Amino acid sequence: MAVVISVANQKGGVGKTTLTLNLAHALANRGRRVLLVDVDPQFNLTFGLIGLKVLEYENNNVGTLLTKESNVEDTIIPVRENIHIIPSHLNLSQKEIEIINSYNRERRLEKALRPVLPDYDYVLIDNPPSMGIFLVNSLTTSDYVLIPLELSYFGVIGMQLMFNLMKMIKEETNEGLSLLGIVPNKFTRQTKVPKTRLQELRETYPNAPLLTTIPQSVALEKAHAQGMSIFEFDGDGRAAKAFTKLAGEVIEIVERR
Ligand code: ATP
Ligand code: MG
């Protein structure tokens with residue numbers, strides 16, 4: 001039965017999509033079956049994996065799944081060995097209004113995914129940088145939240161918003177939600193600032209588990225732009241090693257239960 005993980009941070013550009021994509025590959029490399037779900041109307045994750053083919057799935061994507069126009073089986077696309085995706089689509093933001101006005105709107109994703117959970121080890125959901133109905137659906141469906149974080153002043157302060165949202169979700173729709181960890185991203189040793197922020201983070205949120213830090217990496221950015229995972233682009237580099245280590249940590253935490 002799959003463990004469901006939301007990769008979330010309401011702040012934009014912190015590395016949610018990069019983390020989702022590369023963690024999926026690292027888990028797949030370790031033989032885990034991964035289902036990706038892209039609930040971001042920007043469809044960056046989908047585009048990264050299938051490119052312009054994203055346009056072909058107008059009638060079968062995460063939006064039509066949430067409005068019950070599609071069956072879940074019809075929305076799943078195999079993209080790599082052990083990696084499948086339920087794609088996002090250009091029309092997802094239009095669907096948002098329809099979903100907001102529908103019955104049981106917070107549980108649409110949970111209900112839709114239920115039949116396929118036995119087919120996977122992990123479901124990883126990539127979320128938009130906003131606190132809307134898509135993020136609420138993701139968190140309601142998830143066992144865990146994984147938070148990528150940029151080590152800037154506002155990045156660290158902004159974590160409180162995520163914690164507030166998690167608290168609300170736990171009270172209202174999903175008691176079982178836990179924080180899997182925070183993943184500091186774009187870490188650089190060239191200035192002292194990130195290190196100071198890391199200390200600040202530890203002091204401000206002493207109970208939040210800190211996972212492997214992902215380095216600032218040109219290779220990661222280039223891979224992203226070319227629709228490749230870091231393992232396909234620069235498999236021996238620092239960033240690939242960091243994601244392999246992160247996958248090990250995730251497996252350790254999730255599978256020891
Ligand atoms: P959004 O909130 O818009 O969905 P996001 O949180 O998903 O953004 P990404 O799209 O993953 O963030 O990353 C934003 C940009 O930063 C991308 O260009 C990506 O290639 C780059 N990036 C992410 N992580 C790193 C890293 N560790 N080193 C270098 N570049 C990175
Ligand atoms: Mg993104």
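Quantities reported herein were computed from a predicted structural model and do not represent experimental measurements. Whatever order the structure lists ligands and atoms in, that order sets their numbers, starting from 1. What you see below is based on every heavy atom in this structure, not just the backbone, and it leaves out hydrogens, waters and symmetry mates. FYI, the numbering just counts along the sequence from 1.
When side chains are defined from C-beta on, R202 counts as touching L210, because their heavy atoms get closer than 4.5 Å.
At a 3.5 angstrom cut-off on N or O pairs, V14 counts as close to ligand 1. Not one N or O of N44 is nearer than 3.5 Å to an N or O of ligand 1, by distance alone. Considering backbone and side-chain atoms together, I214 places no N or O closer than 3.5 Å to any N or O of ligand 1. Distances between N or O atoms of G12 and those of ligand 1 include no value under 3.5 Å.
At a threshold of 4.0 Å, the pair D126-K16 does not count as salt-bridged, since none of the basic side-chain nitrogens sits closer than that to a carboxylate oxygen. The pair K95-E69 meets the salt-bridge criterion, since a charged nitrogen lies less than 4.0 angstrom from a carboxylate oxygen. Residues K186 and E150 are paired through a salt bridge, judged by an N-O separation under 4.0 Å between the basic side chain and the carboxylate.
Of all atoms in ligand 1, numbered sequentially from 1 with element shown, those under 4.0 Å from a heavy atom of P215 are 26 (C), 27 (N), 28 (N). For ligand 1, the atoms lying closer than 4.0 Å to a non-hydrogen atom of D40 are 4 (O).
Listed here is the closest heavy atom pair of N59 and S70: O-OG, 3.0 Å.
Neither the backbone nor the side chain of D126 comes within contact range of ligand 1; no heavy atom lies under 4.0 Å. Contacts between P128 and ligand 1, counted as non-hydrogen atom pairs separated by less than 4.0 Å, are absent for every part of the residue. Under 4.0 Å from ligand 1, the heavy atoms of H224 that appear belong solely to its side chain. In L19, neither the side chain nor the backbone holds a heavy atom less than 4.0 Å from any atom of ligand 1.
Residue, atom and distance of the protein heavy atom nearest to atom 5 (P) of ligand 1 are K16 N, 3.4 Å. Of all protein heavy atoms, the one closest to atom 18 (O) of ligand 1 is E221 OE2, 3.9 Å. Remark: minimum distance from atom 4 (O) of ligand 1 to any protein heavy atom is reached at Q42 NE2, 3.3 Å. Regarding atom 12 (O) of ligand 1, its nearest protein heavy-atom neighbour is G15 N, 3.0 Å. Looking from atom 28 (N) of ligand 1 to the surrounding protein, the closest heavy atom is S217 N, 2.9 Å. The single protein non-hydrogen atom nearest to atom 26 (C) of ligand 1 is L220 CD2, 3.5 Å, given as residue, atom name and distance. At the shortest separation from atom 19 (C) of ligand 1 among protein heavy atoms lies T18 OG1, 3.9 Å. In terms of protein heavy-atom proximity, atom 24 (N) of ligand 1 is closest to N185 ND2, 3.0 Å.
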Would you sort out whether R32 and E255 count as a salt bridge (charged side-chain N to carboxylate O under 4.0 Å, His left out), showing the intermediate values?
CA-CA 11 Å; R32 304 309 193 269; E255 299 183 16; 2.9 Å; yes
Which is it for T17 and N44 under the side-chain hydrogen bond (donor to acceptor under 3.5 Å, both in side chains) test, yes or no, and what are the steps along the way?
CA-CA 7 Å; T17 302; N44 294 157; 4.6 Å; no
List the steps and the verdict of side-chain hydrogen bond (donor to acceptor under 3.5 Å, both in side chains) for E96 and S93.
CA-CA 5 Å; E96 187 166 5; S93 23; over 6 Å; no
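Taking each of K222, K186, Q216 in turn, the one with a heavy atom nearest to atom 21 (C) of ligand 1 proves to be K186. In this structure, of G13, P184, P41, the residue bringing a heavy atom nearest to atom 1 (P) of ligand 1 is G13.
The local environment of CD in E171 is crowded, with over 12 non-hydrogen atoms from other residues, nucleotides or ligands closer than 6.0 Å. Around the CD atom of E73, the shell of radius 6.0 Å holds more than 12 heavy atoms that belong to other residues, nucleotides or ligands. Applying the 6.0 Å contact sphere to OH of Y153 captures no more than 12 heavy atoms from other residues, nucleotides or ligands. At most 12 non-hydrogen atoms from other residues, nucleotides or ligands lie less than 6.0 angstrom from CD1 of I97.
For P148, the heavy-atom gap to ligand 1 stays at 4.0 angstrom or more.
Inspection of the N60 and T75 side chains reveals no N or O donor paired with an N or O acceptor under 3.5 Å.
Taking the six-membered ring where tryptophan is involved, the planes of F231 and H25 are essentially parallel, since the angle between them stays under 30° and well short of 60°.
Listed by chain and residue number, the protein N/O/S atoms under 2.8 Å of the Mg ion (ligand 2) are T17 OG1, with waters left out.
Q10 pairs with exactly one of N127, L165, I147, L161 by the side chain to side chain contact (heavy atoms under 4.5 Å, CB included) rule, that one being L161.
The distance between the ring centers of H224 and F233 does not fall below 6.0 angstrom.
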